[in-house]
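All values derive from a computational prediction rather than experimental measurement. When a ligand or atom number is given, it counts from 1 through the structure's own listing order. Every heavy atom of this structure was used, including side-chain atoms; hydrogens, water molecules and symmetry mates were not.
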Amino acid sequence: MNPERSDVVVAGAGPTGLALSCALAAAGVRVRVVDRADGPARTSRANILHARGAEVLARLDALADLREQAVAPVGIRMHVRGELLTTLAFAPDEREAVQAMFVSQAAVEQRLRDRLAELGVDVEWGHGVEELAQDRDGVTVELSGGDRVRAAWLVGCDGAHSLVRSLAGIDFPGVPVVERFLLADVHADGIADREHSAGWYHRDGILMAMPMRDAAGNLWRLMANVPDDGRRLDGSEVVRRLEELLPERAGITGAHVRDAVWTSVFRIHRRLAADYRSGRVLLAGDAAHIHSPFGGQGMNTGIGDAENLAWKLALVVRGLAPDALLDTYAAERRPAAADVLRRTTTNTRALVADGPVARWVRDHLLVRFLALPAVQRQATREASQLGLTYRRGPLGGRGARPRPGDRVRDRPVLLRDGTRTTLTGELGPGWGLLSGNAEAADPLVAVLERHLPGSVSRVTDPAWRHPHALLVRPDGHLLWRGADATDLERRLARITSTMIGESAP
Ligand SMILES: Cc1cc2nc3c(=O)[nH]c(=O)nc-3n(C[C@H](O)[C@H](O)[C@H](O)COP(=O)(O)OP(=O)(O)OC[C@H]3O[C@@H](n4cnc5c(N)ncnc54)[C@H](O)[C@@H]3O)c2cc1C
């Protein structure tokens, strides 16, 4: 183990920890990433990467060949009492440069590890956090195997059962949402057509079948809720029970399950960490929030946490901002997670529909409502997380759109030498100053150099017809819009001075 003191230790090399480590390393932060497991996970919980997650990966330069490897999201055929009622289609927003993709979590993690290795950092497998002690200057972390590391900051990206969270004394309140779900990824024939996912809504519960990509071309994810009788089920019992549910809930009699790749029995909880920070310890991803997997929001939300935290931590580590800036991380991301928890809980309860009234509403109203194109557009937009805004947070603001805190949509832009690129391509570790023409940005450069030295890329978008410029944060959200250097100075002072604590609502 490298005995040198690090700026940041990241505990956990899932999608959140890997995205965070990539963003920190790209910003020049000395980062170590440790994981309790012996090596990367081979099975995959998530199998959809929504548009926002794909955009973050693009900014991290970690998208690589994922677009080519992925399949476009397929619609869900919804059946009630065996009858096909609606196909819930994904309705991509054509104004956006990124779209969701069906791709395995394992593939996403692999691309992030590759990018991290390019940045000179390898995951230290087999090194779980076991104890931690923090003082004014940093955190000392005891790892399994007896190693000890010292860093200025520790980020717990160690998943739903986060030990970092409990060692830091952060509560994780919440409630169970669904008692018991069975899941099996199986090679099987005769389930349904592979052009769509399918959901069967039955008096006793739901059954879902999602086609997954693999070489054999017959991999399916089967999921169903069942009553919890307290008995532990092993993998073969999970598969057997799901095989029984195919005729019971879907009327499918000719299915043949060949083998199982992964099985799981889980209870769906909704939990949100009471805080995302305790002194020099921060939380991100499933360590900070868990919710129903319906809608595929967990990995995306964790990757979003990582990107929001990374630029703030990088400024603090470089001595360009006080550590009060880190409090804006929880102030922006905790409400975003609370919103995901609310939406996924409502959707899951509506679909699982416990009780005759809820079932009647689902089978007669909800399924038909979901057939409306406007509803499908809205559902896709919400799931994409592209509409996420921090405008009500401590770095947000009012005025014309995009407002401070809003996401700035990716667009083609020009560098000062005329090179064509995209806004996303210029962000990442760096910030972007976008204007309609280069001269409009000239008076702002000295202020930017003072507060964010060497970090701002100047780009022009000839289609931007306004006299003012946009200062875009590394995570793609607007920090400031205007033309006046004094106003910019005031705005930047809110992040690079101690004024944040005073201005936070
Ligand atoms: C059935 C199912 C389907 C899902 N589908 C989707 C989907 O389609 N889209 C989506 O966005 N999300 C989905 N999710 C959610 C998604 O899988 C999680 O939200 C995501 O894995 C969270 O990433 P993470 O990095 O925060 O945590 P994890 O992926 O749990 O990673 C935590 C890492 O920390 C390590 N670790 C644990 N303890 C320690 C320790 N003490 N010290 C060091 N390391 C430690 C672990 O070994 C692990 O590598 C799904 C979840 C489930 C259960």
Side-chain angles (χ1 to χ4, degrees), residues 9-21 32-54 56-57 70 73 100-109 112-113 123-132 141-145 147 149 154-168 178 181-185 197 208 210 212 221-224 262-269 271 273 283-306 337 340-341 344 348 383-385:
V9 168
V10 173
T16 307
L18 290 167
L20 176 65
S21 306
R32 287 178 65 169
V33 48
V34 296
D35 196 294
R36 184 175 64 180
D38 292 336
R42 285 189 301 273
T43 52
S44 221
R45 282 174 287 162
N47 55 13
I48 182 161
L49 180 67
H50 282 289
R52 174 66 189 232
V56 177
L57 258 58
M101 49 182 100
F102 262 38
V103 65
S104 76
Q105 182 167 333
V108 170
E109 291 176 6
L112 284 165
R113 278 195 304 275
V123 176
E124 299 172 36
W125 297 108
H127 288 92
V129 170
E130 294 202 329
E131 285 296 340
L132 65 90
V141 184
E142 309 269 353
L143 299 174
S144 44
D147 284 311
V149 294
L154 167 68
V155 189
C157 304
D158 49 342
H161 302 287
S162 172
L163 184 61
V164 172
R165 187 182 62 227
S166 23
L167 292 173
V178 177
F181 250 92
L182 307 182
L183 177 153
D185 290 347
S197 289
M208 312 279 297
M210 283 153 271
M212 296 171 74
R221 169 162 293 177
L222 301 178
M223 281 171 71
W262 181 50
T263 64
S264 176
V265 179
F266 57 93
R267 177 189 269 220
I268 297 180
H269 287 262
R271 293 184 183 279
L283 300 177
D286 275 17
H289 41 73
I290 51 165
H291 50 81
S292 164
F294 280 80
Q297 297 291 293
M299 178 167 68
N300 274 310
T301 311
I303 289 174
D305 290 347
V340 170
L341 260 64
T344 52
T348 304
S384 77
Q385 297 195 11

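Pro40 has its side chain out of reach of Glu109: every pair of non-hydrogen atoms, C-beta onward, lies at least 4.5 Å apart. When side chains are defined from C-beta on, Leu143 counts as touching Val129, because their heavy atoms get closer than 4.5 Å. Side-chain contact check for Asp185 versus Thr43: every heavy-atom pair is 4.5 Å or farther apart.
Within the 3.5 Å criterion, the main-chain N or O of Gly285 finds a donor-acceptor partner in the side chain of Asp305. Distance alone, capped at 3.5 Å, is enough to place a donor-acceptor pair between the Gln297 side chain and the Ala383 backbone. Looking at Thr16, its side chain never comes within 3.5 Å of a backbone N or O of Ala284 through a donor-acceptor pair. Not a single donor-acceptor pair under 3.5 Å links the side chain of Asp158 to the backbone N or O of Gly12. Between the side chain of Arg221 and the main chain of Arg45, a donor-acceptor pair closer than 3.5 Å is present. Glu124 places no side-chain N or O within 3.5 Å of a backbone atom of Val34 that could act as its donor or acceptor partner. Judged by distance alone, with hydrogens and angles left aside, the side-chain atoms of Arg165 form a donor-acceptor pair with the main-chain N or O of Ala287 at under 3.5 Å. In this structure, the side chain of His291 does not engage the main chain of Ala337 through any donor-acceptor pair within 3.5 Å.
Shown in contact with Gly285 at under 4.0 Å from a heavy atom are these atoms of ligand 1, numbered in order with element: 26 (O). Taking a cut-off of under 4.0 Å to the non-hydrogen atoms of Thr16, the atoms of ligand 1 that pass are 23 (O), 24 (P), 25 (O), 26 (O). The contact set between ligand 1 and Cys157, taken as ligand atoms under 4.0 Å from a residue heavy atom, comprises 32 (C), 33 (C), 34 (O). Counting the atoms of ligand 1 from 1 in the order shown, those under 4.0 Å from a heavy atom of Gly298 are 10 (C), 11 (O), 12 (N), 15 (C), 19 (O). Numbered from 1 in the order shown, with element, the atoms of ligand 1 that lie under 4.0 Å from a heavy atom of Asn47 read 7 (C), 8 (O). Here is the list of ligand 1 atoms found below 4.0 Å of a heavy atom in Gln105: 16 (C), 17 (O), 20 (C), 21 (O), 29 (O).
By the 4.0 Å heavy-atom criterion, Pro293 is counted among the residues contacting ligand 1. Judged by the shortest distance from any of its heavy atoms, His50 lies outside the 4.0 Å radius around the atoms of ligand 1.
Across all non-hydrogen atoms, the minimal contact from Gly302 to His289 is N-CE1, 4.2 Å. Of all heavy-atom pairs spanning Trp125 and Asp38, the tightest one is CB-O, 3.3 Å. The minimum heavy-atom distance between Val164 and Ala11, with the atom names listed, is CG2-CB, 3.9 Å.
In terms of protein heavy-atom proximity, atom 44 (N) of ligand 1 is nearest to Arg36 N, 3.2 Å. Distance from atom 18 (C) of ligand 1 to its nearest protein heavy atom, with residue and atom name: Asp286 OD2, 3.4 Å. Among protein heavy atoms, the minimum distance from atom 31 (O) of ligand 1 is reached at Gly14 CA, 3.6 Å. Among protein heavy atoms, atom 12 (N) of ligand 1 sits closest to Met299 N, 3.0 Å. Of the protein's non-hydrogen atoms, Val129 N, 3.7 Å is the one closest to atom 40 (C) of ligand 1. Asp35 OD2, 3.2 Å is the protein heavy atom nearest to atom 35 (C) of ligand 1. Residue, atom and distance of the protein heavy atom nearest to atom 29 (O) of ligand 1 are Arg45 NH2, 2.7 Å. Annotation: atom 27 (O) of ligand 1 to nearest protein heavy atom, Gly159 CA, 3.8 Å.
Taking only non-hydrogen atoms, the option from Leu183, Leu163, Leu20 nearest to atom 1 (C) of ligand 1 is Leu183. Considering only non-hydrogen atoms, atom 45 (C) of ligand 1 lies nearest to Asp158 out of Asp158, Ile290, Leu132.
No part of Ser264 comes within 4.0 Å of ligand 1, judged by heavy-atom distances. The proximity of Gln297 to ligand 1, defined as any non-hydrogen pair under 4.0 Å, is limited to the backbone. Only the side chain of Arg221 comes within 4.0 Å of ligand 1, judged by heavy-atom distances.
Considering backbone and side-chain N/O atoms, His127 never comes within less than 3.5 Å of an N/O atom of ligand 1. For ligand 1, the polar-atom distance check against Asn300 finds a nitrogen or oxygen pair separated by under 3.5 Å. Distances between N or O atoms of Ala160 and those of ligand 1 include no value under 3.5 Å. Between Gly128 and ligand 1, a contact under 3.5 Å exists for no N or O pair. The shortest N or O to N or O distance between Ala287 and ligand 1 is not below 3.5 Å.
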(message) Phe181 vs Met208, test: side chain to side chain contact (heavy atoms under 4.5 Å, CB included). Steps then yes/no.
(response) CA-CA 11 Å; Phe181 250 92; Met208 312 279 297; 5.6 Å; no

